[in-house]
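Each remark here refers to the structure printed beneath this line.
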There are 2 protein chains.
Amino acid sequence: MQQSVYSSPLKTACSACNLRELCLPIELSGSEMTRLDALVTRKTAYRRGANLYRCGEKFHSLYAIRSGFFKTQVLHEDGREQVTGFQMAGEIIGMDAISSDIHTCDAVALEDSEVCEIPFARLEELSREIPALQRHLHRILSREIVRDQGIMLLLGSMHAEERLAAFLLNLSQRFAARGYSPTAFQLRMTRQEIGSYLGLKLETVSRTLSQFQLRGLIRIQNKSLQFLDIAGLQALIKPH
Amino acid sequence: MQQSVYSSPLKTACSACNLRELCLPIELSGSEMTRLDALVTRKTAYRRGANLYRCGEKFHSLYAIRSGFFKTQVLHEDGREQVTGFQMAGEIIGMDAISSDIHTCDAVALEDSEVCEIPFARLEELSREIPALQRHLHRILSREIVRDQGIMLLLGSMHAEERLAAFLLNLSQRFAARGYSPTAFQLRMTRQEIGSYLGLKLETVSRTLSQFQLRGLIRIQNKSLQFLDIAGLQALIKPH
DNA sequence: CGCTTTATTGATCCTCATCAAGGCGGGTGG
DNA sequence: CCACCCGCCTTGATGAGGATCAATAAAGCG
């Protein structure tokens, strides 16, 4: 079930710029690899709080997160804001902008981060010549659709407790896939940001986390989180 | 605002199989057009209630809806089901399956419908040779991402009334874009399906629609819907 | 024409939002 | 180095929006 809500298969790094998402599953010849690397040249650092891009800006490139942590959010004119995702190392960000050539959300670094820029026009060009790359690009785009639909399901049919459990387990999985401990890590985002992502208020997030701790499922103090009973958390999601 | 939640720009039909989504914005030469048409051969009819595809089936093709109306839904093992979208003539369906080569949701006809099958491998092939087609395919995939994020926003931060108003206005827009009346049409789906899509229970949908009618915003009787005050509905979405 | 599915409406309950107060922590400037 | 401040978090009390349960009505379908 967790799998179906958030799929984040394990990936290994590739040469230029650990593009886990972009590179692994495809087998490229040496020269193809070189051409892909040539495409992904610039590496840029972003300090905590800095914007990778803003809503309304012209679209040029996708970005592969080399290290760090980002959030994407949509700002409503009436003040509401909604966090649409959290992205970590090895993930690709910016795909929403392809459709209109304009970024439709803000991307903000939640810690000091590094990204590789992937000029999209050149990626398209290259993927015309390398079918395996083309195929992979399509998979990445499609995976984003599946991921979003998982969140729709979460927002549309789960209670606060279930949402939070699913969220924590998803983070855990993604950290594990990157070789970090799946049972203890720092949350990079605030309660308010978690709430916005999950369609809850920050007080509800805080209360629910306290509940989980009380029941011996996790240990949480500020941003440091430790899992004590993963099966217990998983059990929270299943029934109804 | 409506625009940002659901974008469905007007499109005109193309030859083989009114593939509004697939064809319009790109300019193809005669021979390119012929090749695209050759790709999209089969037309199949589906009766109301029939499945276009089911969750778990192997992925082969995207489908362009030629006429009719579909819903896509995810079925939870614990019985919960969530409608993830409603698709009408001219829209492309099945893109979620690209990532894993397996369909991740069911697609069900809500009225007698016809679709054109687009074998995806051949579409990829052709789009390698026709850059304009490639570009367009990417836009379609990205548009789906944007659409889903709009729904996330709706589910995560709107009240029942706002959700329903946004939903009705979106339908109106899409009918208008296809040359039908934007102010009067038949709902193809049940209250239960609307509710599932919007993260509400069917009783809430029914009550809220009655409310709208009471306030003179719409006229609704069973499935036939008429808009009386579009501006009033739009106003419901904006403030908070 | 009867049966089943779908829709409406009411009464009640429960989850989560809201409002409010206080605590912790980390960064800054004196 | 300490004091202060500000952002972030926790916890409580209360209330509202929507879920749930239930009964009836209406419509679609064979």
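Basis for what follows: all heavy atoms, side chains included, without hydrogens, waters or symmetry-related copies. Every chain is numbered from 1 and lettered A, B, ... according to where its sequence line falls, protein lines coming before strand lines.
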Shorter than 3.5 Å, N or O on both sides, protein versus nucleotides 26-29 of chain D: list them out with atom names.
{"residue": "dC29(D)", "atom": "OP1", "partner": "Arg48(B)", "partner atom": "NH2", "Å": "3.0"}

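Contact check of residues 184-192 of chain B against DNA chain C (heavy atom, cut-off under 4.0 Å) returns Thr190(B), Arg191(B). Listed by residue number, Glu203(B), Thr204(B), Arg207(B) are the residues of residues 202-210 of chain B with a heavy-atom contact under 4.0 Å to DNA chain D.
Residue Gln186(B) comes nearest to Ser224(B) through the heavy atom pair OE1-CB, 2.9 Å, listed as atom of the first residue, atom of the second, then distance. Here the closest non-hydrogen pair linking Ser113(A) and Ala109(A) is OG-CB, 4.1 Å. Arg174(B) and Gln87(B) make their closest contact through NH2-CA, 3.8 Å (heavy atoms, listed as atom of the first residue, atom of the second, distance).
When the side-chain hydrogen bond (donor to acceptor under 3.5 Å, both in side chains) test is applied to Ser61(A), the partners found at least two apart in sequence or on another chain are Glu117(A). Residues that satisfy the salt bridge (charged side-chain N to carboxylate O under 4.0 Å, His left out) test with Arg207(B), not counting sequence neighbours, are absent from this structure. Every residue meeting the ring-ring contact (aromatic ring centres under 6.0 Å, His included) condition with Phe185(A), not counting sequence neighbours, appears here in chain and number order: Phe175(A), Phe227(A). Among residues two or more places apart in sequence or in another chain, the salt bridge (charged side-chain N to carboxylate O under 4.0 Å, His left out) test is passed with Glu161(A) by Arg215(A). When the salt bridge (charged side-chain N to carboxylate O under 4.0 Å, His left out) test is applied to Lys71(B), the partners found at least two apart in sequence or on another chain are Glu193(B). Scanning for salt bridge (charged side-chain N to carboxylate O under 4.0 Å, His left out) contacts around Asp112(A) gives Arg47(A), with sequence neighbours left out.
Of the possible donor and acceptor atoms, none in the side chain of Gln226(A) sits under 3.5 Å from a partner among the backbone N and O of Arg219(A).
Note on residues 88-107 of chain B: pairs passing ring-ring contact (aromatic ring centres under 6.0 Å, His included), not counting sequence neighbours, are Tyr53(B)-His103(B), Phe59(B)-His103(B). Applying the salt bridge (charged side-chain N to carboxylate O under 4.0 Å, His left out) test to residues at least two apart or on different chains, the pairs with a partner in residues 179-188 of chain A are Glu111(A)-Arg188(A).
From one end of the helix from dC1(C)-dG30(D) to dG30(C)-dC1(D) to the other, with five pairs defining each end axis, the axis direction shifts by 50° (rounded to 10°).
Across all strands shown, Gly195(A) has no heavy atoms under 4.0 Å from either base or sugar-phosphate atoms.
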